[in-house]
Amino acid sequence: MVCTLPSLSLYMHPSLNIEQKHRLHRSWKPSSEILRTELFHKFNSPFELQQVHTLVIKTGTPLSALPLSRVASICALTPRFAYAQQIFQQVGQPEIFIWNCCLKDFAESDSPFDAILLFYQLRKHNVCPDSFTCTFVLKACVQLRDLFHGRIVHKFIQKLGLQSNLVLQNVTVHLYASCGKISDAILLFNKMPQRDVITWNTMITQLVKRGYIDSAYKMFLQMPDRNVRSWTAMIAGFGQCGKPKEAIDLFTKMEEVGLKPSEVTVVAVLAACTDLGALDLGSRIHEYSDKNEFKRNIPVCNTLIDMYIKCGVLEAALRVFEGMKERTVVSWSAMIQGLAIHGKANEALELFHQMIQTGMKPNGVTFIGLLNACSHMGLINKGRWFFASMSRDYGIIPSIEHYGCMVDLLSRAGLMQEAHEFITQMPIKPNAAVWGALLGGCKLHKKIEMAKVAMRHLQELDPLNDGHYVVLANIYSEAKQWDDAARVRKLMRNKGLQKTLGWSSITVNGIVHEFVAGDETHPQSQEIFKVWNKLLAHMRLKGYIPNTSVVLLDMEENEKEKIVFRHSEKLALVFGLINTSHGETIRIFKNLRVCEDCHAAFKVISEISNREIVVRDRNRFHCFRDGSCSCKDYW
DNA sequence: CTAGGGTTAG
């Protein structure tokens, strides 16, 4: 009689009683192959392990067929430690080897503290650790930033006489640096009789993380041999500390040396392109990635998506997103945020819906994107709903950023009282971003009294940020309260602050042209002004009326016009019209928010010149086409 | 069974 083999999952099914299990047990003779592939990954407790162990003995399967690392992890932190030891002592492999495998898994898991606990268990049961053991425990300490246990292991290494082991020295340097003891790390580094490329790379990365970019670069120049990871660490370092130009310069040098960029290099360089709005280099890196089969690498795709979004090419970002075989929450969140800052709120919400349907769990960042989408398009009720939903339906506790988004949403919509009430009822202390969002709403809706309230808090929380003073002065100026405006500007000056100079840039033929307001230094300045005057006549016919209320100062109307006409974004746009071919999209990058008059002017110009104009603002994108803007004037 | 570089928001 042929009987079907029951699977182990059936054998161990909780609904079977002991007698049924025995019956199965007697009749069932699985091959060791079945044991290995089907069975052993399914037991989860010492009790189940014991059943499997019995089975192994009964069927005469060699003990080594057991997934020993799994046995170890099940027994390690339960009172069954000795049981595992007993098995390990019979398999003909050094016992410590098996425990080390388990330690490695723990150290790389999401609860690295288990590695430290296991280490104590090993000591308690007199298992003798080796250098591998120490490596993994130290790695866990690095993950946890656990200097206390790290120091214990460090002393233990010396007790074992392993202090000259290079790998251990490298991890120890990493440990002290990552726990904020950078001077201890440097001390150890200096004492090392020999160092390898990993030692140097570790130091570079850690110095960058602590903000010592100059020391990191010195080390980079000083080190004897540099591999791809050294270059990448330094490129990423420049990017992370706000020096994307330096990152790209270094990348160029890396190419000159002839080293082949890895996936990680590509991610770092793309992030720098994102910050700079360097679409041309970004696209080149995209081609390189495709040629080198980096397409399957999720972070590469995620960074590409973000790069295209922040360079204003939403379609390209969507293409990368659609082409991904596998996506993470980062991919979805990046795309949702991208749609949000491009003013496509409904598409963003729709994408979120799709995300949920694929079974992907959103995180806090996903909701920041969603709230931004609602905020930028004035979807107040949807925004309120998402805010409530995140904790209720997904167990995500709103962070200060989410509260900031909500205040932005409410105050942009003019619901100033509600926004203020929302702030006073927050369970966490409001920060400068929260009050700043309220102040922004006051500017938009000309609420002077509320602006004063917001400013009082901002002066306390963020006194050195010139932006707040400028906004408040603007609010007074718009209300023609010149004395108050002057008082705020004086207050700002007394703190030693200057208004951040606005600038706009445009890339033509790979060359970045930067303009500041009133700029006459560009070689083509005269031509720019001539073309502007012609354009202006045309614009006036189309109904454009200069909005001079954006000028802070009390002066004659035609003086104000002169100032408005030479705003940096207008200069960059006219330069673009002159120097690009007809029909080409013009992309402008502005460091501050785009001015209201420029916004109105760009709409008219997009119609007259029949051009698409994409402006990357401090906060979002404006895509001007056929006389209107993608933000639908809600920003 | 060792050690080093990366992505969404802010």
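Naming convention: chains lettered A, B, ... in sequence-line order (proteins, then strands); numbering from 1 in each chain. Only a predicted model underlies this, so the values are computations on that prediction, with no experimental measurement involved.
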So if I take every side-chain heavy atom of A:P299 and compare against B:dA3, B:dT7, B:dG5, which nucleotide ends up nearest? B:dT7

Touch check for A:E263, heavy atoms < 4.0 angstrom, all strands: base, sugar-phosphate only, or nothing? base

Intermediate values then yes/no, side-chain contact (heavy atoms from CB on, under 4.5 Å), A:N302 and A:D306: CA-CA 6 Å; A:N302 292 346; A:D306 192 45; over 6 Å; no

For A:T303, report the nucleic acid contact type (base, sugar-phosphate, nothing); a contact means any heavy atom under 4.0 Å. sugar-phosphate

Closest to the A:K104 side chain, choosing from B:dG4, B:dA9, B:dC1: B:dC1

Give a yes or no on whether a salt bridge exists between A:R284 and A:E255, defined as a side-chain N under 4.0 angstrom from a carboxylate O. yes

Calculate the interatomic distance between A:N170 atom CG and B:dG5 atom P; express it in whole Å. 12 Å

So which nucleotide from B:dA3, B:dG5, B:dA9 ends up closest to the side chain of A:V228? B:dG5

Within the modelled atom types, does a donor on one side and an acceptor on the other bring the side chain of A:T202 and the base of B:dG4 under 3.5 Å apart? no

With respect to the phosphate group of B:dC1, does any side-chain polar atom (N or O) of A:Q93 fall under 4.0 Å of OP1 or OP2? no

Hey, can you tell me if A:F422 and A:Y403 have their rings parallel, tilted or perpendicular (30° and 60° cut-offs)? tilted

Winner on side-chain proximity to A:V267, out of B:dT7, B:dA3, B:dG5, is B:dT7

Taking donor-acceptor contacts at under 3.5 Å, does the side chain of A:T199 reach the base of B:dG4? no

Check: B:dG6 base within 3.5 Å donor-acceptor of A:N297 side chain: yes

Answer with base, sugar-phosphate or nothing: what part of the nucleic acid does A:T328 contact at a heavy-atom distance below 4.0 Å? nothing

For A:V173, report the nucleic acid contact type (base, sugar-phosphate, nothing); a contact means any heavy atom under 4.0 Å. nothing

Nucleotide nearest A:Q337 when distance is taken to its side chain, options B:dG5, B:dA9, B:dT7: B:dA9

Given B:dT8, B:dT2, B:dG5, which nucleotide is nearest the side-chain atoms of A:F136? B:dT2

Ignoring backbone atoms, test whether A:K139 places a side-chain nitrogen or oxygen under 4.0 Å from the OP1 or OP2 oxygen of B:dT2. no

Taking the six-membered ring of A:W385, is the NZ or CZ of A:R392 close enough (under 6.0 Å from the centre) and on axis enough (within 45°)? yes

